[in-house]
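Everything below concerns the one structure shown next.
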Amino acid sequence: MPTDIRSHMSHWGAFDAEVQRDQLIGVRPGRLDPDPSPLLQNIPGSLHHRARVKQPMVRAGWLDRGPGPTTQRGSDPFVPVSWTTATAVLAAELQRVVGVHGSGAIYGGSYGWASPGRFHHAQSQVHRFLNCLGGYVRSVNTYSLGASGVILPHVIGLARDLSDPTTTWPMIVEHTELVVCFGGIPLKNAAVNAGGITRHEVRRYLESAAARGTKFVLFSPVRDDLPDFLDVAWHPIVPGTDVALMLGLAYTLITEDRYDRPFLDRYCIGFDRFARYVLGHDDGMPKSPEWAAAITEVPATAIRSLARRMAANRTLINVSWSLQRADHGEQPPWMGVTLAAMLGQIGLPGGGFAYGYGSTATIGRTPSAFGLPTLPQGTNPIQAFIPVARIVDMLLHPGERFDYDGQRLTYPEIRLVYWCGGNPFHHHQDLGRLRRALARVDTIVVHDPFWTPMARHADIVLPSTVTLERNDIGCSPLDPYLVAMHQAIAPYEAARNDYDVFADLASALGVGDAFTEGRSELAWLEFLYEGWRSQMMKAGTTIPGFAEFWGMDYLKLPQATEGTAPFSRFRADPAGSPLKTPSGRIEIFSERIAAFDYDDCPGHPTWLEPAEWLGSPLAQQYPLHLIANNPRTRLHSQLDIGAYSQAAKVQGREPIRIHPTDARARGIADGDVVRVFNDRGNCLAGAVVSEVVRPGVVQLSTGAWYDPLDATDPNAMCVHGNPNVLTRDAGTSRLAQGCSGQHALVEIRRWEHPVPPITVYDPPPSEARQHVPVQRPR
Ligand code: PGD
């Protein structure tokens with residue numbers, strides 16, 4: 001039997017799909033990849049899993065009683081309908097909402113990673129469609145970089161997506177003597193990249209740096225945030241206290257006169273006000289190593305000697321993205337920049353401030369020299385927006401005012417929520433609160449290939465194809481290849497491309513031509529590719545035409561020249577190459593932020609106690625600090641049904657790692673099912689007793705599909721282990737209003753009852769109807 005090999009791309013790596021008789025029989029890592037991700041193992045068994053949505057579905061209560069607020073979402077049965085019916089029903093509902101309430105009543109923020117591919121990119125598709133209809137309330141920023149995406153532009157003038165050039169890995173290998181990691185460089189996160197990756201290189205670079213003698217210091221409650229083949233000094237810091245630790249380092253640098261005064265004078269503003277704070281001149285509290293040790297549980301001697309080493313070596317300070325996904329998440333990256341400025345190494349190769357190395361696969365890569373083929377999204381005339389993680393506040397508090405980055409904004413009143421390519425039951429916090437918020441709107445529409453918890457809480461569910469069922473162009477800004485993603489198999493059951501679904505809806509609503517511009521899928525790929533190619537050609541780079549590219553699988557892109565260290569031009573000429581900050585310099589004190597007058601984000605980096613940490617009064621009741629971080633065995637909640645994700649489950653539950661001391665104190669053994677709880681919610685999980693986490697800390701990754709014991713109860717126990725039933729839904733501060741879901745205080749008990757079955761991978765109950773009334777759009 002001949003096997004067809006189709007090149008393809010996933011967020012966790014390029015791969016070859018092996019296909020026989022329209023069936024995927026295997027997945028091989030891409031031939032360019034030196035360190036392929038095991039997440040590829042999740043693909044084969046998932047494509048025809050029973051968790052796929054077979055055909056369009058409409059919630060029975062929505063059909064019977066019409067659109068409107070209801071607590072039935074998530075428990076009502078669904079009615080299968082044809083595409084013709086689904087399109088007519090949804091088009092009529094969109095027309096009603098826009099006609100009665102206006103386009104500003106549609107929330108199309110629709111956050112989520114969806115799948116790679118420049119054309120079928122789900123968010124671009126839904127935004128383009130909604131723009132054709134008159135716009136939508138959008139979201140700004142991301143769950144990944146909510147706090148840093150706002151603070152760092154103020155402080156060092158980085159772009160909001162923080163995509164500016166960084167110190168490249170070869171520079172680190174060549175020059176860096178000491179890497180001080182706040183949050184680590186976890187290989188599990190370095191396996192993934194939004195849009196895909198052809199070559200996983202972080203492991204190789206870390207190995208090379210170690211071979212050259214680079215030393216690593218890790219501040220994290222979790223040991224495997226740095227791989228163990230490195231020479232690592234691990235400090236199991238109290239979670240959420242990194243800023244206090246960094247202040248202890250700053251204090252040592254100041255009091256021992258080991259900081260770079262000329263650098264601070266020439267390139268920064270506001271150091272003296274910050275130094276007064278560090279020395280305790282105003283609040284009577286010197287931020288000494290002893291002070292820091294009492295908060296962080298890292299010994300004062302270790303803090304002092306590290307400060308000396310940092311000043312004496314070419315030092316790179318790496319702050320991981322996870323640190324800012326927490327209460328006051330603006331502070332760690334700001335303090336990291338400040339510490340690097342004090343060492344005076346910003347702008348030198350291999351030194352200074354590094355952001356998010358290991359948080360995704362491509363940080364530290366040389367960017368490609370040109371943009372990428374991109375689907376135009378059109379123009380959104382609706383002005384209203386929210387910071388992405390404030391969705392529940394918006395739904396629960398329409399008309400209320402809130403602060404964001406110096407602005408006073410108002411939450412709009414939303415009637416229809418349109419989701420395409422994301423799973424809020426994965427990415428949002430306090431899921432009981434999310435469910436109460438979702439009960440407030442008239443209609444929820446979800447496009448997804450799978451019966452995710454978000455799909456189960458929708459009124460209209462439209463089955464999407466997965467990438468192997470369609471053609472696309474795979475690439476991402478920091479990866480040097482364009483991949484021809486060839487369709488490998490036919491769509492599952494009645495699944496359709498989001499594009500085709502939107503095209504039909506647009507046509508029913510009279511804007512079909514505006515949406516499709518008369519192009520088919522392949523015509524769009526050629527159009528996007530050729531538009532991009534002509535720009536490259538104008539700039540003098542020869543690129544093959546579409547037909548040739550489509551036949552060649554991988555196209556190598558020209559890279560920007562390796563160049564010099566980031567900030568090196570600024571270092572050479574601060575007046576001629578100023579930063580994009582108000583002062584043109586690094587803002588250790590920000591007059592602009594201070595003028596916002598936010599008590600939760602003052603004018604310079606500050607230790608602000610998180611709402612929940614081991615030092616807070618709540619720890620008396622809930623004495624374990626939960627780290628709800630990104631998972632090792634899948635990307636977010638994607639393909640949780642896959643073999644690699646399933647193999648790590650404990651009695652079918654998501655693994656929770658707990659230190660032997662804490663396990664013993666609770667009579668918990670490795671492999672036990674446990675209940676994890678706090679005042680917000682509770683879930684089951686499977687205990688993994690391990691010294692990888694420090695005492696007092698438990699770690700339960702995100703991404704197990706939310707599986708409530710009682711689907712009618714928003715506060716029901718999740719029997720599977722989704723940590724977001726426990727996390728707190730509050731913005732990082734009034735400045736950024738980012739996601740603060742990384743941390744929560746909890747308690748754990750052994751589960752003494754029969755273990756309930758996992759039901760979330762089964763399709764929800766459905767009931768066939770002879771006749772579904774259809775009100776067609778006028
Ligand atoms: P995914 O599981 O990737 O999670 O949250 P995000 O919503 O991105 O969801 C993507 C969905 O898109 C999946 O349901 C998938 O099936 C669907 N999909 C895939 N391809 C297609 C397609 O072609 N069309 C359509 N219509 N759908 C498709 C991620 C978010 O979670 C992120 S980025 C971060 S960094 C946050 N991290 C944390 C954290 O550290 N801690 C907590 N507690 N919470 C977090 N949430 C955030």
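Counting starts at 1 for both ligands and their atoms, following the listed order.
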If only atom types and distance count, is the side chain of [X] paired as donor or acceptor with the main-chain N or O of [Y] below 3.5 Å?
| X | Y | result |
| --- | --- | --- |
| R728 | A326 | no |
| N724 | T727 | no |
| N722 | F425 | yes |
| H120 | N497 | no |
| T374 | L372 | yes |
| N678 | G681 | yes |

Please indicate whether any nitrogen or oxygen in [X] is less than 3.5 Å from any nitrogen or oxygen in ligand 1.
| X | value |
| --- | --- |
| H428 | no |
| R325 | yes |
| A628 | yes |
| G741 | yes |
| T702 | no |
| C739 | no |
| Y143 | no |
| H120 | no |
| T727 | no |
| S144 | no |

Consider ligand 1: state whether an atom of it lies below 4.0 angstrom from any non-hydrogen atom of [X].
| X | answer |
| --- | --- |
| R470 | yes |
| A114 | yes |
| W321 | no |

### Message
Counting only heavy atoms from other residues, nucleotides and ligands, does the tally under 6.0 Å from NZ of K649 exceed 12?
### Response
yes
### Task
Run the numbers for me: atoms of ligand 1, each under 4.0 Å from some heavy atom of Q638, listed by number.
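Those atoms are 1 (P), 2 (O), 3 (O), 10 (C).
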### Query
Parallel, tilted or perpendicular for F78 and W451, by the 30°/60° rule?
tilted
### Query
According to the interplanar angle, ranging from 0 to 90°, do the rings of H426 and H636 count as parallel (below 30°), tilted (30 to 60°) or perpendicular (above 60°)?
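Rings of H426 and H636: tilted, 30 to 60°.
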### Summary
At under 4.0 Å between heavy atoms, what of Q429 touches ligand 1? The answer is side chain
### Task
Could you find the nearest protein heavy atom to atom 24 (N) of ligand 1 and give me its residue, atom name and distance?
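Among all protein heavy atoms, the one nearest atom 24 (N) of ligand 1 is D498 OD2, 2.7 Å.
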### Task
Report yes or no: is the cationic atom of R325 (NZ for Lys, CZ for Arg) under 6.0 Å from the centre of the six-membered ring of Y143, at an angle within 45° of the ring normal?
no
